[in-house]
Amino acid sequence: MSLVAGHLESYLVLSALLFSIGSFGFLARRNAISMLMSVELMLNAVNLTLVAFSRFSSAFPKGGEPLAGHVFVVFVLTVAAGEAAVALAMAVLLH
């Protein structure tokens, strides 16, 4: 019995839904902070996809879990933290 609930397709559908909501929010908003929040949502959708592909990859043996997707997620989170710092700086500048 697998410890992972669901299949790869369900994670990819959820990721595509999150990414499409984020891209719609980015294109529909004119506020810079809302646009940055939408980019954060898109980055989280990409993180979900990376971890799902890393977990369900058939190139690795079933006994060990590959960490390549997790390493990329750490890099994406670093970029997201930099983006949040820019958003905070913009908010402070406007205030």
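Bear in mind the structure is a predicted one, so any value in this text is a computation, not a measurement.
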**Item:** Same cluster (ILVMFWY, side-chain, under 4.5 Å), Val51 and Leu8
**Value:** no
**Prompt:** Mind checking whether Val74 and Val71 have side chains closer than 4.5 Å, heavy atoms only?
**Reply:** no
**Asked** Under a 4.5 Å side-chain heavy-atom rule over Ile, Leu, Val, Met, Phe, Trp and Tyr, are Tyr11 and Phe53 clustered together?
**Response** yes
**Message:** Let me check something: do Leu18 and Val13 share a hydrophobic cluster, defined by ILVMFWY side-chain heavy atoms less than 4.5 Å apart, either directly or through other members?
**Reply:** no
**Note, Asn47 side chain near Phe72 side chain (heavy atom, < 4.5 Å)** = no
**Item:** Cluster link Met42 to Val76, ILVMFWY, side chain under 4.5 Å
**Value:** yes
**Request:** Check side-chain hydrogen bond (donor to acceptor under 3.5 Å, both in side chains) between Ser15 and all other residues, then give those that pass, not counting sequence neighbours.
**Result:** Thr49
**Complete:** In this structure, CG of Leu43 is separated from CZ of Phe19 (nearest 0.5 Å) by 8.5 Å
**Message:** Count I, L, V, M, F, W, Y as connected when their side-chain heavy atoms are under 4.5 Å apart, and connections chain through other members. Are Leu27 and Leu17 then in the same cluster?
**Reply:** no
Could you give the side-chain donor-acceptor pairs of residues 31-40 under 3.5 Å, partners two or more places apart or in another chain?
residue : atom : partner : partner atom : Å
Asn31   : OD1  : Ile33   : N            : 3.4
Ser38   : OG   : Phe26   : N            : 3.4
Ser38   : OG   : Ser34   : O            : 3.1

